[in-house]
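Naming convention: chains lettered A, B, ... in sequence-line order (proteins, then strands); numbering from 1 in each chain. On a predicted model such as this, the values are computed, not experimentally measured, just so you know.
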Amino acid sequence: MANRVRVRLAPSPTGPLHVGRARTALFNWLFARHNGGVFVLRIEDTDRQRSTEANLVSILDSLRWLGLDWDEGPDIGGPYGPYFQMQRLETYRQAAERLLANGAAYKCYCSVPELEAMRQEAKAAKVAFRYPGRCLRLTREQIAQFEAEGRRPVIRFIVPKEGTTTFRDMIHGDITVNNSELDDLVIVKSDGIPTYNFAAVIDDTTMEMTHVIRGDDHIANTPKQIHVYRALGYTPPEFGHLPMILGLDRAKLSSRHGAAAVTDFAAMGYLPEAMMNYLALLGWSYDDKREFFSREELIKYFDISRVGKTGAAFSMQKLEWMNGAYVRGLSPDALVVRALPFLQEAGLVSASPPPSELAYVRQVMPLVHERLKRLAEVAELTDFFFKEQLEYDGALLVGKGMTADQSRLALEAAQAAVASVDVFNVPSLEAAIRPQAERLGLSTGQLFGTIRVAVTGRTVAPPLFETMAVLGRERCARRIQQALTKLPSGIPR
RNA sequence: GGCGCAUUCGUCUAGAGGCCUAGGACACCUCCCUUUCAAGGAGGAGACCAUCGGUUCGAAUCCGAUAUGCGCUACCA
């Protein structure tokens, strides 16, 4: 490759980072890293109404969280800066002047209401609206008249009305449109700020982008932009249009589907490496078998020619499954480190836990390790290890096919075992309790179930003896004692 | 309405003319393991490859039309 690959992500800070854009970011980043190229971040902040600093910060955080890094960008600068469009206004102004000077663009004084009226007319007549070029050839007098009225002109770009425009898309192949379909687009708004289709062309050229990889909602914009490139004497980059990410209902993915911003996924306890892996599979595949890839493997194997053309529905279920697999793959220590913030968030562990508390967490975590799918679930799964007081319905102590009396006997047996066992560990607890089932005429499931409820306050929990061993003798004794008082009086259920 | 893009199990996908009576994964069902829940193991069901027509000895793969979905049609990006 003669020229070093340069690609970019150009987010607009009008909201948090959406997973669709995160996937676009990922593919650009993978393309750059795979080819030893440069990945740059440019902020398209020309939408003055909706752009905020907070959104920018959030977007950068989300990108970093995902594990992406950039070589040039708003926070680190670079040789092609500035990386905010609002700081590049002079560049756009000069380009617009050039187009005006060589007759490729013209000032248009039509007001928004006037334009809207024209659109309505076109719609009523059932014909496609094309800007009629009313301001294309204004006389000096007319211009003076408009200026006197205080009208601020926009700058419109003249697109050729004859012929066709074709470009080769890296993933769709050749795409052709009739120029007669294209409209004279406004490139500079009346406040002097350039529109997307203009600013992007100039930035991509001056920043020397070799490839523009973006969502396929931009396919229709591309021919227009190509004309702008040509009018400016620029050579367009290569284009690659990625399929969209949809919700399971095939509608655009939004918070209605549960989550759409990457911050949402982080908060729910998805691992960034799982997120990256899953996102990579949305629209790209390696072969017909393999679907787990580390960050390095993705870089190594990513090939834009293996990106599909069809919109992909985002499956929360599959993400969850994949996340669970990644969680299970964590070392015990890594799991503690990752889960701790969620335990603290839930108020189960103190903000700066002393060694003893940390040691306890380290004992608890292995018991839920393979049951965890999302880190945020850790609180729900382990709270009884940390809470002093258990809240539950005493009726749960009486299992299926049992009488309250049998439950009482079971609890008393457990109480005796807890008190008498020499060493409070799994083997001795099991040796002392398991035989009781037969003696009491209960199945082990019934016996253990009753004790489980007593000790954890729930019917679903990690294996009983391991749980008890971690809880410790005192806590178990206290909880069994309490369970005895919660037992429903008499009467089988 | 016009134009563009897309169309393989519910979902993500493999498939680049014969290897496909279409393979894998998630979800689903059954069984095994088992102390509940997970995890794991073994099976199963699930796609007439949107439809119709054409090219070809042969098509999921090539061509055309139709249908459907999505996108663009902004002084938003």
Minimum-distance nucleotide to A:Arg328 side chain [options: B:A39, B:U36, B:C75]: B:A39
With respect to the side chain of A:Thr310, which nucleotide from B:A74, B:C75, B:U7 is positioned closest? B:U7
I want to check a possible cation-pi pair here: [X] against [Y], using under 6.0 Å from ring centre and within 45° of the ring axis as the test.
| X | Y | value |
| --- | --- | --- |
| A:Arg458 | A:Phe384 | no |
| A:Arg23 | A:Phe27 | yes |
| A:Lys486 | A:Tyr392 | yes |

For nucleotides 20-27 of chain B, 5' to 3', base contacts (B), sugar-phosphate-only contacts (S) and non-contacts (-) with protein non-hydrogen atoms under 4.0 Å give ---BSBSS
Test item: A:Leu375 and A:Leu335 side chains (from C-beta on) under 4.5 Å apart, heavy atoms: yes
Would you say the side chain of A:Arg434 lies within less than 4.5 Å of the side chain of A:Thr444, judging by non-hydrogen atoms? yes
Are [X] and [Y] close enough for a salt bridge, meaning some N to O gap below 4.0 Å?
| X | Y | value |
| --- | --- | --- |
| A:Asp204 | A:Arg42 | yes |
| A:Glu116 | A:Arg119 | yes |
| A:Asp184 | A:Lys161 | yes |

Protein N or O to nucleotides 64-69 of chain B N or O, pairs below 3.5 Å:
none

Length of the line joining A:Lys189:NZ and B:A74:P, which is rounded to integer Å: 15 Å
Give one of base, sugar-phosphate or nothing for [X], where a contact means two heavy atoms less than 4.0 Å apart.
| X | result |
| --- | --- |
| A:Gly324 | nothing |
| A:Ala461 | base |
| A:Asn221 | base |
| A:Thr46 | sugar-phosphate |
| A:His218 | base |
| A:Val186 | sugar-phosphate |
| A:Ser190 | base |
| A:Gly311 | sugar-phosphate |

Strictly by Watson-Crick or wobble contacts shorter than 3.5 Å, is anything paired with [N], and which nucleotide is it?
| N | answer |
| --- | --- |
| B:A25 | B:U11 |
| B:G18 | B:C57 |
| B:G40 | B:C32 |
| B:C49 | none |
| B:C5 | B:G69 |

Heavy atoms from other residues, nucleotides or ligands near CD of A:Glu90 exceed 12 (cutoff 6.0 Å): yes
More than 12 heavy atoms of other residues, nucleotides or ligands under 6.0 Å from CD of A:Glu438: is that the case? no
For nucleotides B:U8 and B:A60, find the distance between their P atoms and express it as a whole number of Å. 15 Å
Distance between the C1' atoms of B:C75 and B:C70, in whole angstroms? 26 Å
Using heavy-atom distances to pick each residue's nearest nucleotide on RNA chain B, tell me which of A:Arg156 and A:Leu282 is more 5'. A:Leu282
Which is more 5' along RNA chain B, the nucleotide nearest A:Ser111 or the one nearest A:Ser285? Just name the residue. A:Ser285
What N/O pairs connect the protein and nucleotides 2-5 of chain B at under 3.5 Å? Give each pair on its own line.
from: B:G2; atom 1: O2'; to: A:Glu181; atom 2: OE1; distance (Å): 3.1
from: B:C3; atom 1: O4'; to: A:Glu181; atom 2: OE1; distance (Å): 3.4
from: B:C5; atom 1: O3'; to: A:His172; atom 2: ND1; distance (Å): 3.1

What are the residues of residues 223-232 of chain A, sorted by number, that bring a heavy atom to within less than 4.0 Å of RNA chain B? A:Lys224
Mutual orientation of the aromatic rings belonging to A:Tyr270 and A:Phe265 [parallel < 30°, tilted 30-60°, perpendicular > 60°]: tilted
Between [X] and [N], does any side-chain N or O lie under 4.0 Å from OP1 or OP2?
| X | N | value |
| --- | --- | --- |
| A:Arg119 | B:C75 | yes |
| A:Arg306 | B:G15 | yes |
| A:Arg48 | B:C76 | no |

Under the side-chain hydrogen bond (donor to acceptor under 3.5 Å, both in side chains) rule, what do A:Arg371 and A:Thr382 come out as? Steps first, then yes or no, please. CA-CA 11 Å; A:Arg371 273 158 262 261; A:Thr382 64; over 6 Å; no
Could you pull out the closest heavy-atom pair between A:Pro237 and A:Met209, with the gap in Å? CB-O, 3.6 Å
Any protein N or O atoms within reach of nucleotides 41-48 of chain B? Criterion: under 3.5 Å, listing atom names and distances.
none

Restricting to salt bridge (Lys or Arg N to Asp or Glu O under 4.0 Å), what partner residues turn up for [X], sequence neighbours left out?
| X | answer |
| --- | --- |
| A:Glu412 | A:Arg408 |
| A:Asp174 | A:Arg168 |
| A:Glu466 | none |

Identify, with sequence neighbours excluded, every residue that meets ring pair (Phe, Tyr, Trp, His ring centres under 6.0 Å) alongside A:Phe167. A:Phe239
For A:Tyr92, ring pair (Phe, Tyr, Trp, His ring centres under 6.0 Å) partners two or more places apart: none
Mark yes or no for whether A:His172, through its side chain, and A:His241, through its backbone, hold a donor-acceptor pair below 3.5 Å. yes
Scan for side-chain hydrogen bond (donor to acceptor under 3.5 Å, both in side chains) pairs involving residues 47-56 of chain A, sequence neighbours excluded, and state none if there are none. A:Asp47-A:Arg50, A:Thr52-A:Asn55
Return the polar atom pairs (N/O with N/O) between nucleotides 31-35 of chain B and the protein under 3.5 Å, or none.
from: B:U35; atom 1: OP1; to: A:Arg434; atom 2: NH1; distance (Å): 3.3
from: B:U35; atom 1: O2; to: A:Arg452; atom 2: NH2; distance (Å): 2.1
from: B:U35; atom 1: N3; to: A:Leu464; atom 2: N; distance (Å): 3.3

So among A:Val154, A:Ile155, A:Asn197, which one has a side-chain contact (heavy atoms from CB on, under 4.5 Å) with A:Leu185? A:Asn197
